[in-house]
Protein chains: 2
Amino acid sequence: MLKYQQIALEIEKHIEENELQQGDKLPVLETLMAQFNVSKSTITKSLDLLEKKGVVFQVRGSGIFVRRHKRRGYVSLLSNQGFKKDLKDFHVTSKVIEMDVRKPTQEAADNLNIGLHDDVYFIKRVRYVNGQTLCLEESFYNKSIITYLNNEIVSESIFHYIKEALGLKVGFSDMYLHVDKLNQEEAAYLGLKEGAPKLTVETIFHLTNGQPFDFSKVTYNYEQSQFFIQANNELL
Amino acid sequence: MLKYQQIALEIEKHIEENELQQGDKLPVLETLMAQFNVSKSTITKSLDLLEKKGVVFQVRGSGIFVRRHKRRGYVSLLSNQGFKKDLKDFHVTSKVIEMDVRKPTQEAADNLNIGLHDDVYFIKRVRYVNGQTLCLEESFYNKSIITYLNNEIVSESIFHYIKEALGLKVGFSDMYLHVDKLNQEEAAYLGLKEGAPKLTVETIFHLTNGQPFDFSKVTYNYEQSQFFIQANNELL
DNA sequence: GAGTGGTCTAGACCACCCC
DNA sequence: GGGTGGTCTAGACCACTCA
């Protein structure tokens, strides 16, 4: 683990353990440099990482402060595949409905940048939170990258498996959001009425080298759809 | 303008003007260092900025590549208040329905971190894209920060005014998303039927010093709700 | 193994906040 | 004006990719 990552983790841990609140001030740079025995740029890099994650904000000439939001029960849209973290106070389960190797749909092939005759793992599952339906998820994994999957892996965390067992590195993702009305099939899976509101999130996950490996389409139960995004606006 | 920002702008411009596509390779670091006559860290900082913006991705041992998404007509959820940019091919207008100085609701006061007896500017407007309703927006501005607003400013870009005329710096924002059904009033403004799907986005904008100055609640016409997010997943 | 991006350092100087 | 974060440099060394 790199120094700046390690330091970021420790600072984050420190904030959590001491239950620091929005606006609480952290030690000044010089103190942190001494405390972790590293150069200024390394500390700065740690803090930039935490700023990107929405954990702190830095004010020139003033200090480094804790960033926290007040509302509970919201899922971060950006910490991908992170229901475990965000809903840690809740009980999230999932039921696999279909899982097989097949040829992709035109849509999946386009998004994964593969041909119609390449193989994909197709997984369809319903996820529940506290016994209520949370979402219906359909995923296509490029089989030439994700070479093996089974029911056990799919029931647990697929991404954990991809990172740890396959040794792949997830880089970035493109997400597309739509709001519409549930069709009959979706309504049935989610236990709602046809025509009820839905939020659809399509995500294309890429490895660090830019190769797309997963196209997934998730339809959320609108009654459970509470999402949260922390944005930084300094991008010009 | 700082060097690294300037360089980032030029690289971005270069990508746009040459219509580079996803996966196209940019010059190597050493070349860029020479070209802009700056040190390695400065170039790195420029590229980190562009990576955060979703314009490029960097692969260790390989190169720097252009990041582009394929779909058109999607609005970035993160480039706040950025309809102008994203929908530049479209015609976005807005109609101010209400605008006055008043006392905040309990909800607005909580989110703006002010008291019930402090003043806020309240603005309610409907925005249109190509003649169709896009959203209904209700905003509360902390009057002790945003000291003056008028109809002309509100019809144009409020954020441009805040930055340029008031000299304030926008730092970060917290966004909360919900999906639900339109009530009667919202349906009337959006020209839809009561009970139709809606996406509600509540945003709390903060200055760089962490002070919240704007709480806004936007209800989108689901027929126009196509949003896009570029995420980076390397946050541990 | 050559090429390429990433980390880390030490230090100078700058820009901003607040008293 | 003192305190504090941000920018920028030059250079050493490390880690990954790909032929």
Side-chain angles (χ1 to χ4, degrees), chain A residues 1-9 11 23-52 56-67 145 163 167-172 206-211 232 234-236, chain B residues 1-9 11 23-52 56-67 145 163 167-172 206-211 232 234-236:
Chain A
M1 169 131 321
L2 297 163
K3 273 191 190 179
Y4 80 92
Q5 291 178 329
Q6 185 61 45
I7 293 170
L9 278 179
I11 294 175
D24 284 357
K25 197 168 184 296
L26 293 178
V28 300
L29 278 182
E30 203 164 352
T31 309
L32 293 172
M33 282 168 66
Q35 182 179 336
F36 293 104
N37 194 30
V38 292
S39 74
K40 189 173 175 177
S41 355
T42 303
I43 281 291
T44 298
K45 189 136 200 207
S46 302
L47 291 168
D48 286 350
L49 182 59
L50 291 176
E51 188 158 53
K52 211 158 118 182
V56 304
F57 62 95
Q58 301 175 73
V59 186
R60 198 209 281 259
S62 178
I64 304 149
F65 303 90
V66 173
R67 180 173 174 195
I145 300 173
K163 287 182 214 161
L168 297 172
K169 270 167 294 182
V170 179
F172 56 91
H206 307 255
L207 299 177
T208 44
N209 68 7
Q211 205 175 3
N232 291 303
E234 87 291 351
L235 311 176
L236 309 188
Chain B
M1 168 131 322
L2 296 164
K3 274 192 187 179
Y4 81 91
Q5 291 178 328
Q6 185 60 45
I7 292 170
L9 278 180
I11 294 175
D24 284 357
K25 196 168 184 297
L26 293 179
V28 301
L29 278 183
E30 204 163 354
T31 310
L32 294 171
M33 282 168 65
Q35 182 178 335
F36 293 104
N37 193 31
V38 292
S39 73
K40 189 172 177 178
S41 354
T42 303
I43 281 292
T44 298
K45 188 138 201 202
S46 301
L47 291 168
D48 286 350
L49 182 60
L50 290 175
E51 188 158 54
K52 211 157 117 181
V56 305
F57 61 95
Q58 301 176 73
V59 186
R60 194 206 278 255
S62 179
I64 304 150
F65 304 90
V66 173
R67 179 172 174 196
I145 300 173
K163 286 182 214 159
L168 297 172
K169 272 168 290 183
V170 179
F172 56 90
H206 306 254
L207 299 177
T208 43
N209 69 8
Q211 205 175 4
N232 290 303
E234 87 291 352
L235 312 176
L236 309 187

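We name chains A, B, ... by the order of the sequence lines, and we start the count at 1 in each one.
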Spacing between [X] atom [atom1] and [N] atom [atom2], to the nearest angstrom:
X	N	atom1	atom2	result
B:I43	C:dT7	CD1	P	16 Å
A:F65	C:dC17	CZ	P	12 Å
A:M33	D:dG5	CE	C1'	12 Å
A:F36	C:dT9	CZ	P	13 Å
B:I7	D:dC8	CD1	C1'	10 Å
B:N232	C:dG6	CG	C1'	16 Å
B:Q5	D:dG6	CD	P	13 Å
A:I64	D:dG3	CD1	C1'	13 Å

Is the closest side-chain heavy-atom distance between [X] and [Y] below 4.5 Å?
X	Y	answer
B:L26	B:T31	no
A:F65	A:D24	no
A:L50	A:F57	no
A:Q58	A:L47	yes

Give the nucleotide from the list [options] with an atom nearest to the side chain of [X].
X	options	result
B:K169	C:dT7, C:dC17, D:dG6	C:dC17
A:S39	C:dA10, D:dC8, C:dG5	C:dA10
A:Q58	D:dG6, C:dC8, D:dT4	D:dG6
A:R60	D:dG6, D:dC8, C:dC8	D:dG6

Categorize B:K3 for me: base, sugar-phosphate, or nothing, with a 4.0 angstrom heavy-atom threshold over every strand shown. sugar-phosphate

Base, sugar-phosphate, or nothing for A:S41, non-hydrogen atoms under 4.0 angstrom? base

Using the closest heavy atom to pick a nucleotide of DNA chain C for each, name whichever of B:G61 or B:K40 lands nearer the 5' end. B:G61

Between B:T208 and B:P27, just flag the one whose closest nucleotide in DNA chain C comes earlier from the 5' side. B:P27

When B:T42 and A:S62 are each assigned the nearest nucleotide of DNA chain D, the 5'-most assignment goes to A:S62

B:Y4 side chain near D:dC8 phosphate (N/O to OP1/OP2, under 4.0 Å): no

Phosphate contact (C:dC8 OP1 or OP2) by A:K45 side-chain N/O below 4.0 Å: no

Above 12 or not: heavy atoms from other molecules or residues under 6.0 Å from CD of B:E30? no

